[in-house]
Amino acid sequence: MLQTFRFSDSQRVRVAVRVRPRNAEDLLSDADFADCVELQPELKRLKLRKNNWSSESYQFDEVFTESASQRRVYEVVAKPVVECVLNGYNGTIMAYGQTGTGKTYTLGRMGKEDVSERGIMVRALEDIIANVSPTSDSVEISYLQLYMESVQDLLAPEKVNIPINEDPKTGEVSAPGATVVKIQDIDHFLQLLEISESNRHAANTKLNTESSRSHAILMVYVRRAASKKNEDMATTQGHDHTVDFLGGNGIPMIRKSKLLVVDLAGSERINKSGSEGHLLEEAKFINLSLTSLGKCINALAENNTHIPTRDSKLTRLLRDSFGGSARTSLIITIGPSSRYHAETASTIMFGQRAMKIVNMIKLKEEFDYESLCRKLENQADNLTAEVDRQQKLRENEKYKLEKELRLCQASFAEVKNSLITRCEFLEKENTQMEKEMADLLIELNRQRDHNDLMHDKVSHLEMSLEHSKQHQLENYTYQKVLADTTQMYEKNIADLKKQLEVEHARFVSAKEEFEVMKKILCDHKKLIQQHETDNSAYKMALAETTQRYEKKMAELTKQLEDKNAHFEAIEEQLRLAKSCPSDNQNSIQKEIEELKEKLKPCQSHENTLTEFQSLKSEHKHLAEEKEKLKEELYITRQKLLFEEKQRKTIENELVQIQRTVPVSGNDFEDQKSYMRDNIHRQPSSLGTPMGFHETGQLKETNSSQRETIAKICEEVGLQKILQLLTSEDTDVQVHAVKVVANLAAEESNQEKIVDEGGLDALLMLLQSSKNLTIFRVASGAIANLAMNERNQGVIMSKGGAQLLARTASRTDDPQTLRMVAGALANLCGNEKLHKMLKDDGGIRALLEMATSGNSDVIAQVARGMANFAKCESRAIVQGRKKGRSLLMEDGALPWLLNNSHTNSASARRHIELALCHLAQNVDNAADFVACGGVKELLERISRESFREDIRNLARKMLRLNSTFQA
């Protein structure tokens, strides 16, 4: 980076004097004496009295009375220097004087309780931070102390004997080993200043209760981009130079400046300070370095060619401040007491000589190649990202087009196949239609032939009718003869009607019996087995009745045929009788009478034929009822077959669930927290390629199992799976609870399981079951459900914590205890449930489970304690909670301290976090002190913890808690 000094100007060192007010010791010792110093602030002079009649007058750039405020001191002494630093010039602000006269008060006062008492350091940094841009400018500090000719870093006390380097080209003095911290805001600076002041050497002497035993040098590095605003500010300072803020190639310019705020240790005389031993050695080095500084001031004031800056490290560090390129303001502090007349006179003479020194201040500007390089790199990164984005977009579009093309091709092939299938179907249908048409033509021809045959029969019948008419005419003569016979037949018919009524009554009774049978059949429908038995009996009875009626019908038919044959014979005889002579008429009349007698049974036969027809219709009706009963039986059988098929389907699904669900109860534990614990417990296997391969296979197995279970859940339904939890078969319960546990490991299923009643079923299993596997798997399922915040409240409201604590007391199985501890640890992560969790015995149950000695169980217990303590500390910081921790009441602190050296890395990390968060609560300080927790934080966790963030947290707790500091 090319450095250029744009212009320079000469300025004298400005010196101001400030008089400390009388303290209690001065008021007591000098009660009868007047002050040795007389101030004339309006003339910027002071008089130093040797005695009551002799005094000397001195002129300074500014004279501050005892009542001068810190703000006025800053604005007169330091603010012009700060403005120069903001414009690109180096600056120095230094305090010199006897010990106890207020140098540290003037420069380094932090003003925690009263902002008006802030010193020059804090006010200077406030102005600098307010006038720089957080995006383009930067402010960095280093804070050093010169203690017994050793340069030490106050921001990092471990750094001692820091070397001092001098650039042979520019003459700049630097301390390359010093810590440089970038300042974000004024609060950040106050924190660093507080840390640094605590690391500075101080002691109690007769002259000052808090006497600084080292020279403190605050270095503030300001880096600003050259801008028009800076040019205007430089012009207001009296510079007429024109500044080119962009190089010839458009390269931005930056201005670098440095501000030194020097708090010198006070000069003291051994006989007055009473220093001895180590304090005496410190005083020697202080006076030696101040003497070297005085020699340099004298040489500069007298314009000597040789300046002895190498006699002391202090003069080497301040080489640029006196006679160099920095604008320097010196404030000398004196006391009013006449007891220290010689020290006051020496301080005033130091200031008078310093006023004679002239510095050539220089503006330092550089080309900001770094900013330009970062800008170009950002542009290149943006362009590269845009190119990658465009390329990825094109690839995505190409992939989408290829996918659409494949879909179109598949759709085209599917449509083509569909059309081919449709054509084949239509061809088959056409062939079938042609065949049917041919059959219809054959049937039509057959019908036509039949119609012709019927037409012939009709013609034949017509001819028969004509013949019958002729016979009627012939028989008309016989009608009169038969009239009497007819009357006799009517009487017989009346008798036959009576017989028919009797038969009808018999038929009614049979019909009533049939209705009774129908009623019996309806009753039999309710009980299928009895119905089938009765139906078979009814079928047998019906078959017998049908057989009996058919037999009777056969007999009647035979009788009818016989009667017809007999009737035809009689008619034949009658026809022959007509042709007989009249003399045989009497015999014929006699035969007619006999024929009439014989015709009576024939009339009875006609009645029997009518009865037969009615019985035949009744049989037909019974056959229809039989068909209806068969149809109802068929429907009932179909329902039974459907229910049987559904039952077999459910049994097959259950068998499939039993085959797909893992046999081991531990397989469903794919919860994130448990997986992390397993990773910590098996570092050796995971550290090798085979370990990664086995882990990948395990993940693939778990993934395939979850996919299978999800598919089963979709096909069977979550409600049916949850119903299996209430099965009386223990094996079914075991497999069902494993499926539910695997489903609960997926975040998307957790609320569904609770809403469908799965949580109630799991809690009921924990309460009623005696199976160890169900205990373990159900506890793991509840642990997975407890990862959801809404489910945590539901678990607690249903007494889940009490039930888990009771389960832990009923078993010694380490796996079951680990599941129960994991569930309680998840509940500990909800601050709203802490009081209820403690009242339900959850904390006591965790501590009792830890006595099992199993490392996995202890890790889960430690995780629960860490979750509980972290939520409590967050609530205390945000003001939602006050008072002693609930963990203290159940004796968790002694357990944490006793197990803080455990071999399990996971358990140790959680225990250290729990201790740090508990230490954040001030109300827990007494318990920590009593149990030795402070020693654990101070000597082990803050130094030996494997995690850097835990070490930093422990140090922060020790630093912020005043009880721990004491």
Side-chain angles (χ1 to χ4, degrees), residues 673 762-763 766-767 775-776 778-780 782-783 785-786 792-873 875 881 883-900 902 904 906-908 910-915 917-919 921 923-924 926-928 930-933:
S673 59
L762 291 172
L763 294 177
L766 284 183
Q767 186 174 4
F775 275 171
R776 180 175 69 253
S779 301
I782 295 174
L785 293 176
Q792 292 172 354
V794 178
I795 292 171
M796 292 300 296
S797 66
K798 294 181 181 295
Q802 293 180 349
L803 198 53
L804 289 169
R806 197 178 311 136
T807 303
S809 64
R810 290 165 57 189
T811 181
D812 295 330
D813 179 48
Q815 294 298 328
T816 304
L817 293 178
R818 182 163 72 94
M819 300 301 169
V820 175
L824 292 174
N826 288 338
L827 294 174
C828 287
N830 192 330
E831 175 202 339
K832 300 176 183 177
L833 307 177
H834 282 183
K835 185 66 170 63
M836 190 185 304
L837 189 63
K838 178 186 179 300
D839 295 340
D840 291 347
I843 306 302
R844 289 193 299 274
L846 281 174
L847 295 175
E848 290 173 1
M849 283 187 283
T851 58
S852 66
N854 185 275
S855 60
D856 294 341
V857 178
I858 293 174
Q860 293 300 325
V861 174
R863 184 170 69 87
M865 297 297 171
N867 289 343
F868 199 104
K870 185 176 181 180
C871 291
E872 272 194 342
S873 66
K881 185 181 183 303
R884 187 164 170 256
S885 172
L886 297 176
L887 292 177
M888 299 299 181
E889 299 177 7
D890 285 340
L893 182 59
W895 182 85
L896 290 170
L897 293 173
N898 292 335
N899 290 272
S900 61
T902 181
S904 173
S906 174
R908 185 165 63 253
H910 286 122
I911 289 173
E912 291 172 351
L913 279 174
L915 289 172
H917 286 299
L918 288 174
N921 189 351
D923 295 326
N924 297 336
D927 296 282
F928 266 81
C931 295

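Values reported hereafter were calculated over all heavy atoms of this structure, with side chains retained and with hydrogens, waters and symmetry mates removed. Remember, it's a predicted structure, so these values are computed and weren't measured experimentally.
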Is Cys871 close to His834 at the side-chain level, that is, under 4.5 Å between some pair of heavy atoms?
yes
Can a donor-acceptor pair be found, under 3.5 Å and without considering hydrogens, that links the side chain of Gln792 to the backbone of Ala786?
yes
Evaluate the side-chain proximity of Leu763 to Ile782: yes if any heavy-atom separation is below 4.5 Å, no if none is.
yes
Any chance you could lay out the side-chain contact (heavy atoms from CB on, under 4.5 Å) test for Asn854 and Gln815, step after step, and finish with the verdict?
CA-CA 9 Å; Asn854 185 275; Gln815 294 298 328; over 6 Å; no
A side-chain contact here means heavy atoms from C-beta on lying under 4.5 Å apart; do Cys828 and Leu837 qualify?
yes
Give the minimum heavy-atom separation between Gly822 and Gln860, together with the two atoms involved.
CA-OE1, 3.5 Å
Is a donor on one side and an acceptor on the other found under 3.5 Å between the side chain of Glu872 and the backbone of Leu886?
yes
Does some side-chain heavy atom of Lys870 sit less than 4.5 Å from a side-chain heavy atom of Leu913?
no
Checking Leu824, Val857, Leu887, Leu804 against Leu846 for side chain to side chain contact (heavy atoms under 4.5 Å, CB included), the one that qualifies is Leu824
If a pair satisfies salt bridge (charged side-chain N to carboxylate O under 4.0 Å, His left out) and one of its residues is in residues 819-837, list it, with sequence neighbours excluded.
Glu831-Arg880, Lys835-Asp839
Do Asn826 and Arg863 have side-chain N/O donor and acceptor atoms under 3.5 Å apart?
yes
Is the backbone N or O of Ala825 less than 3.5 Å from a side-chain atom of Asn867, with the two atoms forming a donor-acceptor pair by type?
yes
With a 4.5 Å cut-off on side-chain heavy atoms, are Gln767 and Leu803 touching?
yes
Tell me whether Thr851 contacts the main-chain N or O of Glu848 through its side chain, where contact means a donor paired with an acceptor under 3.5 Å.
yes
Considering all heavy atoms, the nearest Ala907-Thr902 contact:
CB-CG2, 3.9 Å
Does Met888 reach the side chain of Asp923, with side-chain heavy atoms less than 4.5 Å apart?
no
Heavy-atom nearest pair, Met849 first then Leu817, reads SD-O, 3.6 Å
Do the side chain of Asp890 and the main chain of Ala892 share a donor and acceptor less than 3.5 angstrom apart?
no
Reported CH2-to-OG distance for the pair Trp895 and Ser900, which is rounded to 0.5 angstrom:
10.0 Å
Do Leu766 and Leu762 have side chains that get closer than 4.5 Å, going by heavy atoms?
no
Quick one: do Ser873 and Leu918 satisfy side-chain contact (heavy atoms from CB on, under 4.5 Å)? Show the steps, please.
CA-CA 7 Å; Ser873 66; Leu918 288 174; over 6 Å; no
Is any side-chain heavy atom of Asp927 closer than 4.5 Å to one of Arg884?
yes
